[in-house]
Amino acid sequence: MRRIRVRFAPSPTGALHIGGIRTALFNYLFARKNEGDFILRIEDTDSSRRVEGAEQYIIDALEWCGLRFDEGVGTGGPYSPYRQSERKGIYRQYAEQLVADGRAYYAFDTPEELDAARNECEAEGKTFVYNHLARVSMRNSLTLSPGETERLKHETDSWAVRFKVSENEILSMDDMVRGKVTVDTSTLDDKVLWKKIDELPTYHLANIVDDKLMEITHVIRGEEWLPSLPLHILIYRAFGWTPPKFAHLSLLLKPDGKGKLSKRDGDRLGFPVFPLQWTSSEGETAKGFREAGYFPEALVNFLALLGWNSGTEKELFSMDELIQHFDLNRIIKSGAKFDINKAKWFNQQYMRMKTNEELAALYLPLLNDKGLNPPLGYIAEVCGLIKERAAFVSDFWDLSHYFFSTPETYEEKSLKKYLNENSADILQSIAGILTDIHDFSKENTEHAVHAWIESEKLKTGQVMNLFRLAIVGACMGPSLFNIIEMIGKKETLYRIERIMNYEL
Ligand code: GLU
């Protein structure tokens, strides 16, 4: 059996949309599962759309997600180069070969002539399509004499090679996701394959020639390329090459399921649609999943289940497990709704799987930003107490600031509820009890405070909430005795005193 080889072939036209990462992920999983090769090819033949920094962004995003490619731009490999602009010299001969075989032709129509043809059609309420009907009245090697064709080819440089689509054929194709796809070739246009002006191929020619030369066995790409499939199949046939197998992945849909997920949806609904932060050439910055605090493992897990399922109830998959379970036959045909709450849920699950020490290392820079530099061991202990409640490391401060600094304010509602004429006596007593405890362990303080509440026949809720308000500044957080053990006796007594002096 042939070695499985797949490629992720983005065009560096801006930030990679999250759907692109999903395409890369499915390629990666398929390659790993089949012990094949995963290749990164940069399709940059459309120089007008090339954007500075976009290629590096793609490489960085793949790396962040853990999608290591075996061959590609930067890494190299036996089919180098992997950047199409560097393969420029390869394509012309293939375009010429198709012309020689009668499968393509030279088109000499100038932009003005094409505009005129377009306008003429529009005036009749039609759209101009350079197809089998139009080609016979345009300036090309099918309508001009061989001598004139030769002359124009040598004397002008705005000509192109166009593919000659076969007419009136019902073309039947197999897609691994959609099944049989049938198209009447008369509906297709004669796409440009190669242009003299910049000596560059268009996407269609470069994509096919490279997939052939790089021995790609499976093309896994987004559904937006499905309309190009008939043309691609025809081009493979014209060359006499066996096409690879195709799998077109369904679109990622807006959260409400109505239409394709776009960058604007992210802005509108407040979530990222790019893996990493991206600053456009206009200077506009869009946050990425990384900057929004997502763990790459969580994002990968979330994306894997958008459009694929393992056939089981299991939702949490490590990369290795995804590789093990991945199957192109289980890709879902319908679009996948992008539910950001599900992404958050995954992040939360991965947060819980991290060790307290790992989380402490992630939390430390945030604390440093606030001018704090507590010992890592202490931060790790705090992380252990709060991680169940957080979805992101950026939630940590709100959930744990009282472990690191004395509350400056008290929650209004709780103050009204728990601070009254008896509060001073209660707080005084608690302070007295705590002062006498030498081993300030949570067991000791808990035992002493509860014994006192019982002996005084006080209401536990009332007393504990007041005590909590003094320590935390709000009625939230983990076990209060845990907290005071961590902040220590001195700080505990200081906080009790502080709320006693608080003027309502
Ligand atoms: N360059 C195309 C893109 O930007 C690749 C499509 C394909 O995978 O064939 O998505």
Side-chain angles (χ1 to χ4, degrees), residues 4-31 36-51 53-59 61-62 67 69 71-73 79 81-88 91 163 173-178 181 191-193 200-236 239 241 243-252 260-263 273-275 278 303 307 328 331:
I4 299 280
R5 287 175 57 80
V6 293
R7 85 300 193 272
F8 177 50
S11 298
T13 54
L16 189 59
H17 185 276
I18 203 67
I21 289 288
R22 187 194 55 167
T23 300
L25 172 65
F26 284 14
N27 273 285
Y28 174 84
L29 295 176
F30 183 68
D37 302 318
F38 173 54
I39 294 139
L40 172 67
R41 184 172 74 222
I42 296 290
E43 302 207 327
D44 60 349
T45 54
D46 187 349
S47 46
S48 64
R49 297 184 62 222
R50 211 181 297 154
V51 168
E55 182 185 296
Q56 193 54 45
Y57 180 94
I58 292 165
I59 295 172
L62 293 180
L67 306 179
F69 45 92
E71 296 166 31
V73 169
Y79 300 80
Y82 294 90
R83 192 182 285 118
Q84 286 184 330
S85 56
E86 286 174 34
R87 302 171 64 78
K88 195 173 171 181
Y91 308 107
F163 188 65
M173 299 151 284
D174 280 319
D175 183 81
M176 293 179 81
V177 177
R178 335 234 122 219
V181 183
K191 283 268 188 291
V192 169
L193 298 179
L200 279 170
T202 57
Y203 153 71
H204 302 290
L205 181 69
N207 186 273
I208 286 166
V209 167
D210 284 347
D211 280 348
K212 167 70 181 168
L213 297 181
M214 294 181 181
E215 300 192 59
I216 299 302
T217 56
H218 295 74
V219 169
I220 305 169
R221 62 185 175 191
E223 192 186 85
E224 63 273 28
W225 299 103
L226 191 60
S228 298
L229 182 61
L231 173 73
H232 291 187
I233 295 287
L234 290 177
I235 300 177
Y236 276 106
F239 278 121
W241 296 339
K245 287 199 162 48
F246 287 94
H248 286 88
L249 308 175
S250 60
L251 296 175
L252 293 186
K260 188 180 166 188
L261 179 74
S262 72
K263 177 179 173 307
V273 294
F274 297 139
W278 170 256
L303 289 177
L328 274 183
I331 287 186

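What you see is a predicted model, and the numbers here were worked out from it, not measured in a lab. When a ligand or atom number is given, it counts from 1 through the structure's own listing order.
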*Asks:* By number and element, which atoms of ligand 1 are closer than 4.0 Å to a non-hydrogen atom of Glu43?
*Replies:* 1 (N), 2 (C), 5 (C)

*Asks:* Suppose we measure from atom 3 (C) of ligand 1 to each protein heavy atom; which comes out shortest, and what is that distance?
*Replies:*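 So the nearest neighbour among protein heavy atoms is Trp225 CZ2, 3.4 Å.
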
*Asks:* What is the ring orientation for Phe274 with Tyr57, classed by angle as parallel under 30°, tilted 30 to 60°, or perpendicular over 60°?
*Replies:* perpendicular

*Asks:* Going by heavy atoms, is Glu224 under 4.0 Å from ligand 1?
*Replies:*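 Not so, Glu224 does not reach ligand 1.
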
*Asks:* Which residue supplies the protein heavy atom nearest to atom 6 (C) of ligand 1, what is that atom called, and how far is it?
*Replies:*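 Scanning the protein heavy atoms, the shortest distance from atom 6 (C) of ligand 1 goes to Tyr203 OH, 3.4 Å.
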
*Asks:* Closest non-hydrogen protein atom to atom 8 (O) of ligand 1, residue and atom name please, with distance?
*Replies:* Arg7 NH1, 2.8 Å

*Asks:* Cut-off 3.5 Å, side chains only: do Asp210 and Tyr91 have a donor facing an acceptor?
*Replies:* yes

*Asks:* Measure up the His232 and Tyr203 rings against each other and bin them: parallel (under 30°), tilted (30 to 60°), perpendicular (over 60°).
*Replies:*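 Answer is tilted, since the angle falls between 30° and 60°.
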
*Asks:* Is the shortest N/O to N/O distance between Pro10 and ligand 1 below 3.5 Å?
*Replies:*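 Between Pro10 and ligand 1 (N or O atoms, distance only) the closest approach is not under 3.5 Å.
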
*Asks:* Should the pair Glu71-Arg5 be classified as a salt bridge under the 4.0 Å nitrogen-to-oxygen rule?
*Replies:*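 Here Glu71 pairs with Arg5 in a salt bridge, since their nearest N and O are under 4.0 Å apart.
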
*Asks:* Check whether more than 12 heavy atoms from other residues, nucleotides or ligands sit under 6.0 Å from atom NZ of Lys88, and answer yes or no.
*Replies:*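 Atom NZ in Lys88 is crowded, with more than 12 foreign heavy atoms closer than 6.0 Å.
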
*Asks:* Tell me which protein heavy atom sits closest to atom 5 (C) of ligand 1, plus the residue, atom name and distance to 0.1 Å.
*Replies:* Ala9 O, 3.1 Å

*Asks:* Between Arg221 (side chain only) and Thr23 (backbone N and O only), is there a donor and an acceptor less than 3.5 Å apart?
*Replies:*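 The answer is no, because no donor-acceptor pair under 3.5 Å joins these two groups.
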
*Asks:* Counting from 1, what ligand 1 atoms have a heavy atom of Asn207 closer than 4.0 Å?
*Replies:*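 Within the 4.0 Å cut-off of Asn207, ligand 1 contributes 7 (C), 9 (O).
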
